Amino acid sequence: MSETPITVEPDSAPTVRFADFGLSPEILRALSDQGYVHPTPIQAEAIPVVLQGRDVMGAAQTGTGKTAGFSLPIIQLLLAHASPSMSPARHPVRALILTPTRELAVQVAENVKAYARHTPLRSTVVFGGMDMKPQTVILRNGVEIVIATPGRLLDHVEQKNVSLGQVQILVMDEADRMLDMGFLPDLQRIINMLPKQRQNLMFSATFSTEIKKLANSFLTNPVTIEVARSNATADKVTQVVYKVDEDAKRDVVEHLIRQRNLKQVIVFSNTKIGASRLARHLEQAGINAVAIHGDKTQQERMAALDSFKKGEIEVLVATDVAARGLDITDLPCVINFDLPYNAEDYVHRIGRTGRAGASGDALSVYSDKDERLLADIEKLIKQTVTRGTLEGFAPRSARPSRDAAPERRARREPEGAGRSSSERPAGRSSGPMPRREKVDPWFLKPYEPAAAPEPVKAATPSSSSIKPAKQKLAALLGGIPK
DNA sequence: AAAAAAC
């Protein structure tokens, strides 16, 4: 058979196929159902190691195919090794996969279900914000694989809907995110319920000191798997930042969406309220936009994601609930309405675009006060981001925004009073005043600069602000039994 | 400083 030779990278390994791993015919059939033939790098590395029963510490980001990297060998292991015959339960939980967000749990569960579809293995997903009852029925009927967010899983355990005493394999997905989100105590409680003898897989986007400590405390002699850091993916993403007046950010985002005629874009906001307001602003401007964040009901969150994926919605305005994990593929563009406080999150956010070989744009708007955030980001990604200029954008002069919250509008001083936005106290736009008695609202007083524009403490290391949290974490980590 | 996650 004479094939036209194709260009191959000089030292690329011979092409591996899923069929080479000794996976069962049922699993291979599920893969071919989906048209998968060749594993991604992390799958090629992880599958054999997991099949050997080894613990794994994997550094991999979303979009690398890590879900299949752990779920395929797990399914294989569960098929190959029968459930312990002593088990009183007919279908004890044998594999437990924990994720930091509900949407990620759903997504992982969909994958697992698809890969296991031709096997007798049952799986289900449990997470908060939804009725307990349907989950309870499924758990009580018995499942081998559970995908869960920690809080709701503990709830089910307490109600004796599920027992974790037979778990053979534990997966912690997005472990760094779990730590960020303060899941450690829950994780600790869950881990204490599992058999001491088990296989552990931990995946994390970063290899921070905290993650290494966590790995040391509950992985046994793990194999470390690391695939290319996402900094490399940034090559395909064209990044531009626009410095604008803080109060003009919403209009600028609207402008960018119109100017570029964007039909599928995620806009990231640092706050839930900011996301809601921006979505409403865009809606009122005639752009089909929906907000997704943790204050929305689970039904709303799922509906938003669903209709965005279907293309019914053009703009998804999201908090970092959507920064990681969500498999919204190949977006042409991502916009940061706020620069993220964690530079790492910038990488995750822009990772929503420029995937699978496609190119993408990551646009960010920021204002004076965010210079430090931008500097942190550029330091992390080791490149300077292009400063863009807005063409054809006409700022509306200090126009009171129509969509201000009613209570805010009521407090707003009569008439524009011709005060430029830069004169306003910094706190105004960042949230409502504390609802306490004897309020002495700023708008009743003549304006004075807020406590002298904070002197720039050049000597302060950027990590100082998160040190207390780190110490607390270290204390907790020390408390995990080996 | 804010986000997420159990009721």
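Since we're looking at a predicted model, the values are computed, not measured. Lettering of chains follows the sequences in order, A, B, ..., and the numbering in each one begins at 1.
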Value in whole Å for how far the [atom2] atom of [N] lies from [atom1] of [X]:
X	N	atom1	atom2	result
A:F337	B:dA3	CZ	P	13 Å
A:I292	B:dA2	CD1	P	21 Å
A:I190	B:dA6	CD1	C1'	11 Å
A:D376	B:dA2	CG	C1'	16 Å
A:L339	B:dA1	CG	P	17 Å
A:R177	B:dA2	CZ	P	15 Å
A:D320	B:dA4	CG	P	8 Å
A:H156	B:dA5	NE2	C1'	14 Å

(request) Report yes or no: do A:Y346 and A:Q239 form a side-chain donor-acceptor pair below 3.5 Å? (result)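 The answer is yes; a qualifying pair exists.
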(request) Report yes or no: does A:K249 contribute a side-chain atom to a donor-acceptor pair with the main-chain N or O of A:V244 at less than 3.5 Å? (result)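 Checking the backbone N and O of A:V244 against the side chain of A:K249, no donor-acceptor pair under 3.5 Å is found.
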Where the side chain of [X] is defined as all heavy atoms beyond and including C-beta, which of [options] is the nearest nucleotide?
X	options	answer
A:L154	B:dA1, B:dA6, B:dA3	B:dA6
A:R102	B:dA4, B:dA5, B:dA2	B:dA5
A:E158	B:dA6, B:dA1, B:dA4	B:dA6
A:H293	B:dA2, B:dA4, B:dA6	B:dA4
A:T149	B:dA3, B:dA6, B:dA1	B:dA6
A:T101	B:dA1, B:dA6, B:dA5	B:dA5

Would [X] and [Y] pass as an ion pair if we require N to O under 4.0 Å?
X	Y	answer
A:E378	A:R387	yes
A:K272	A:D320	no
A:E314	A:K263	yes
A:D368	A:K243	yes

(message) Heavy atoms within less than 4.0 Å of DNA chain B: which residues of residues 137-146 of chain A have one? Give them sorted by number.
(response)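 Nucleic-acid contacts, sorted: none.
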(message) Under 4.0 Å from OP1 or OP2 of B:dA5: is there any side-chain N or O of A:R301 that close?
(response)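 Yes, within the criterion.
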(message) Please enumerate all residues that pass ring pair (Phe, Tyr, Trp, His ring centres under 6.0 Å) together with A:F127, with sequence neighbours excluded.
(response)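 For A:F127, no residue satisfies ring pair (Phe, Tyr, Trp, His ring centres under 6.0 Å) once neighbours in sequence are set aside.
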